[in-house]
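Every chain is numbered from 1 and lettered A, B, ... according to where its sequence line falls, protein lines coming before strand lines.
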There are 2 protein chains.
Amino acid sequence: MIESKNTVTIKDVARELGIHHVTVSRALRNTGSVKKETRDQIKKKANELGYKPNRLAQNFRNKRSNVLAVVVPDLRPYFFSKFVSDFMEIAQEAGYSVMIFQSSEKASVEKEIIDSLIGYRVAGVIASVTKDTVQESHFDVLKSEGIPYVFFDRAPEKTEASQVLVNNFQGAYDAVNAMIKSGKKEIAYISTHYQHKIFRDRLEGYKEALKDNGLTYREELVVKGGFFMKDGFVQAERLMALEKKPDGILAVRDEIGIGVIKYLKKTDVSVPEDVAVIGFDNDPMGVACEPELTTVEQSIPLMVESSFDLLLGQIKNAKLNFEKKVIEPKIIFRGSI
Amino acid sequence: MIESKNTVTIKDVARELGIHHVTVSRALRNTGSVKKETRDQIKKKANELGYKPNRLAQNFRNKRSNVLAVVVPDLRPYFFSKFVSDFMEIAQEAGYSVMIFQSSEKASVEKEIIDSLIGYRVAGVIASVTKDTVQESHFDVLKSEGIPYVFFDRAPEKTEASQVLVNNFQGAYDAVNAMIKSGKKEIAYISTHYQHKIFRDRLEGYKEALKDNGLTYREELVVKGGFFMKDGFVQAERLMALEKKPDGILAVRDEIGIGVIKYLKKTDVSVPEDVAVIGFDNDPMGVACEPELTTVEQSIPLMVESSFDLLLGQIKNAKLNFEKKVIEPKIIFRGSI
DNA sequence: TTGAAAGCGCTAACAG
DNA sequence: CTGTTAGCGCTTTCAA
């Protein structure tokens with residue numbers, strides 16, 4: 001094991017100045033009362049010696065670290081990498097460090113992560129759960145340790161924790177509605193095989209929009225499977241093989257939507273004239289394809305801000321109260337409808 | 001501040017069993033000698049009481065945490081989010097936690113991050129530096145604290161630290177060569193405005209390939225600016241306004257390359273017949289566009305593995321020795337050439 | 001305003 | 001194999 005070398009502690013600073021280390025501690029943290037003169041002197045000397053507070057000792061002593069943990073199913077999809085990136089930025093500004101964990105969509109891994117968080121006495125947790133996290137039970141340990149947590153985007157079905165969600169029902173409803181208004185009558189829906197509520201909500205929105213427009217729901221137009229572009233490709237193939245083909249397709253992810261467009265173009269179906277396509281997420285990838293993909297956007301900056309505020313409120317107020325914030329999605333019209 | 005509630009410590013476990021807490025410590029860590037019977041008893045009881053080791057105390061006592069820090073300029077580009085995601089996975093498996101930091105391409109932020117890392121006594125650091133980090137000096141504090149670090153993809157120009165780099169010269173060389181072999185004669189090069197060596201190396205590779213094929217280097221074919229799709233779009237516009245237009249374009253990032261393709265298609269220039277395009281990074285976005293973008297891939301799994309191995313070697317061996325690993329890139333041929 | 005004392009939870013070193 | 005002692009660097013509490 002490597003040993004630290006030049007480690008300067010408050011005692012070193014104190015010794016140099018011929019004062020007590022407690023005074024140094026006070027001065028450096030701007031707490032208690034220290035004569036201005038002494039304080040300045042201490043800060044100068046600390047700087048001079050290259051003193052860096054030992055966070056390990058501080059956190060240990062304070063029984064709590066200044067680390068915020070972010071738990072996501074997967075860091076690679078645009079939605080999560082953008083969320084984490086933005087979240088980190090404001091957390092860093094507020095003086096927190098951020099630890100990131102990936103559950104890889106496995107509830108068991110998620111549980112392990114949460115358990116390990118206890119050990120780190122993190123200040124708070126922001127989580128988006130795995131596709132099949134229904135129970136909140138493995139988050140209970142956090143509650144019993146008094147560690148606040150907030151869910152974003154994907155929350156357990158039954159939870160009393162604070163959460164920042166998107167109105168997925170509305171997003172799908174609006175998207176389908178937009179296609180119908182532009183003259184489409186046979187709208188299909190492509191989902192992932194994931195069971196999470198956000199996808200079920202979108203399905204409900206889809207159904208409701210059909211109903212409100214006097215269109216009948218046809219089961220064969222609802223397909224699911226996969227998460228990526230290639231999956232959109234195969235699902236589109238399936239849909240276009242139907243006797244009564246769709247003239248509009250709503251995909252629960254932009255990547256899937258892009259796969260759909262790729263299939264349609266390959267088979268000389270024109271988008272959006274013959275078939276309109278809408279996705280979810282406002283992934284920049286959507287503007288790479290041709291035509292550019294119309295998408296349901298869930299404002300990430302807004303989600304980041306809301307979840308950070310909720311979390312910080314709980315950390316500061318020391319109460320783990322329930323608060324639910326719903327973000328309204330917005331359709332970004334591009335070329336595919 | 002919220003206070004922890006049910007915190008179970010080794011002393012609690014010891015008290016319950018009527019033994020000394022040091023024995024509990026030994027048993028739980030499988031060190032020293034403890035009678036098997038006692039050990040089993042301890043583990044059972046610890047589990048029963050829901051004991052979770054206080055990492056804060058452990059790390060403090062050990063003067064070192066089991067946290068690996070990853071510092072990247074920006075988490076959003078595919079290259080970095082994929083690297084971090086993969087890195088995290090193998091680090092977690094090896095029992096390390098990962099803290100991620102973004103320098104936002106600012107050397108000053110990078111310096112702050114490094115300084116704060118000292119406080120956390122992280123076990124090691126993996127970094128890809130900002131576009132204008134030339135000096136390694138702000139990493140010196142790590143060295144003096146005995147914290148090993150490894151650079152990946154982007155390293156300071158002069159460094160004695162271990163690093164995992166891509167042979168960018170070769171990547172550009174091969175890409176240009178491929179275009180020439182397919183009959184192109186006026187190859188342009190679009191770079192970012194970033195000054196980092198990796199981009200200069202690519203430029204050198206570009207020039208060398210021209211030379212080796214007996215083509216003359218024309219300064220007007222080398223343009224730079226921006227980092228994103230829209231930048232590729234405007235640079236392409238600039239290039240196609242030249243008297244003597246290019247018939248092949250190498251972009252230093254896939255996103256830029258996609259912007260180029262979008263411009264060309266918009267102006268009815270066919271790709272790859274009239275103009276071939278190649279990018280860098282193997283960003284999945286490249287398959288969203290039409291035609292799909294040919295790209296220079298730098299194997300991320302290989303880079304992750306190499307840098308993790310280098311870092312772990314240093315952590316384990318307690319020597320901060322210099323080692324440089326170069327990853328050879330590979331061209332992935334798709335439709336744009 | 002400053003100092004002295006005590007202890008957070010854990011582990012290394014030594015003793016038994 | 002198990003217990004005792006001591007201390008990591010810091011901060012809170014109490015006393016001067």
Side-chain angles (χ1 to χ4, degrees), chain A residues 1-43 45-46 49-66 116 118-121 145-146, chain B residues 1-43 45-46 49-66 116 118-121 145-146:
Chain A
M1 214 33 165
I2 298 161
E3 259 316 297
S4 299
K5 282 144 197 167
N6 307 343
T7 345
V8 182
T9 72
I10 46 174
K11 284 192 181 169
D12 296 321
V13 179
R15 196 179 320 108
E16 288 273 324
L17 258 28
I19 56 175
H20 197 122
H21 69 271
V22 171
T23 308
V24 175
S25 170
R26 279 196 275 253
L28 261 18
R29 283 175 304 134
N30 298 313
T31 75
S33 38
V34 181
K35 209 198 303 171
K36 182 169 181 341
E37 209 175 310
T38 322
R39 185 183 301 271
D40 291 345
Q41 220 181 119
I42 290 172
K43 290 196 172 174
K45 179 61 76 180
L49 297 178
Y51 169 75
K52 303 252 181 353
N54 183 337
R55 303 280 172 214
L56 256 30
Q58 278 183 329
N59 293 335
F60 167 56
R61 169 60 230 230
N62 297 333
K63 294 172 191 285
R64 182 115 318 165
S65 75
N66 64 335
S116 78
I118 304 288
Y120 286 112
R121 305 291 192 274
E145 288 290 336
Chain B
M1 211 36 161
I2 300 161
E3 261 315 299
S4 299
K5 283 144 199 168
N6 307 344
T7 344
V8 182
T9 72
I10 46 173
K11 284 191 181 167
D12 296 322
V13 178
R15 195 178 321 110
E16 288 274 321
L17 257 28
I19 57 174
H20 201 252
H21 69 272
V22 171
T23 307
V24 175
S25 170
R26 277 195 278 254
L28 260 19
R29 284 175 303 135
N30 297 313
T31 74
S33 35
V34 181
K35 209 199 302 171
K36 183 169 180 340
E37 210 174 310
T38 322
R39 185 183 300 273
D40 291 345
Q41 221 181 119
I42 291 173
K43 290 196 173 174
K45 180 60 76 180
L49 297 178
Y51 169 77
K52 302 253 181 355
N54 183 337
R55 303 280 172 214
L56 256 29
Q58 279 183 328
N59 293 336
F60 166 56
R61 170 61 231 231
N62 296 333
K63 294 173 191 286
R64 182 113 319 163
S65 75
N66 65 335
S116 78
I118 303 289
Y120 286 112
R121 305 291 191 274
E145 288 289 337

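Remark: A:Ile10 CD1 to A:Thr23 OG1 distance equals 9.5 Å, nearest 0.5 Å. In this structure, CZ in B:Arg26 is found 12.5 Å from CG in B:Leu28, a value given to the nearest 0.5 Å.
At whole-Å resolution of the value, NZ in A:Lys11 and C1' in D:dC8 are 9 Å apart. Protein atom CG of B:Asp12 is 9 Å distant from nucleotide atom P of C:dG9, rounded to whole Å. Atom CD in B:Glu145 sits roughly 11 Å away from atom P in D:dG9 (whole-Å rounding). One interatomic measurement links the two molecules: CG of B:Asn66 to P of C:dC10, which rounds to 15 Å at whole-angstrom precision. Between B:Arg61 atom CZ and C:dT11 atom C1' the separation is 4 Å, expressed in whole Å. Distance NZ (A:Lys63) to C1' (D:dT11): 12 Å, rounded to an integer number of Å. Regarding B:Lys52, its NZ atom lies at a distance of 16 Å from the P atom of C:dG9, rounded to whole Å. Nucleotide C:dA12 holds its P atom 15 Å from the CZ atom of B:Arg64, rounded to whole Å.
With hydrogens and angles left out, the side chain of B:His21 and the base of D:dT2 share no donor-acceptor pair within 3.5 Å. Between the side chain of A:His20 and the base of C:dT1, no donor-acceptor pair of N or O atoms lies under 3.5 Å. In the interface, the side chain of B:Arg26 is paired with the base of D:dG3 through a donor and an acceptor atom under 3.5 Å apart.
The phosphate of D:dG9 (OP1 or OP2) has no side-chain N or O of A:Tyr51 nearer than 4.0 angstrom. In this model, the phosphate group of D:dG9 is not approached by any side-chain N or O of A:Gln58 to a distance below 4.0 Å at OP1 or OP2. Under 4.0 angstrom from either OP1 or OP2 of D:dT11 there lies no side-chain N or O belonging to A:Arg55. Residue A:Ser25 places at least one side-chain N or O closer than 4.0 Å to OP1 or OP2 of D:dT11.
Within the nucleic acid shown, A:Ser33 comes within 4.0 Å of at least one base atom, counting heavy atoms only. The residue B:Val34 sits close only to the backbone: its heavy atoms come under 4.0 Å of sugar-phosphate atoms, none of a base. At a threshold of 4.0 angstrom between heavy atoms, the contacts of B:Thr38 are confined to the sugar-phosphate backbone, with no base atom among them.
Ion pair A:Asp12/A:Arg15 flagged as a salt bridge, since at least one NZ, NE, NH1 or NH2 atom sits closer than 4.0 Å to an Asp/Glu carboxylate oxygen.
Closest approach to the B:Thr23 side chain among C:dT11, C:dG9, D:dG3 is made by D:dG3 (side chain taken as heavy atoms from C-beta onward).
Under a 3.5 Å cut-off, the side chain of A:Arg121 and the backbone N or O of A:Lys63 do not form any donor-acceptor pair.
Between the side chains of A:Arg61 and A:Gln58, no donor-acceptor pair is found at a separation under 3.5 Å.
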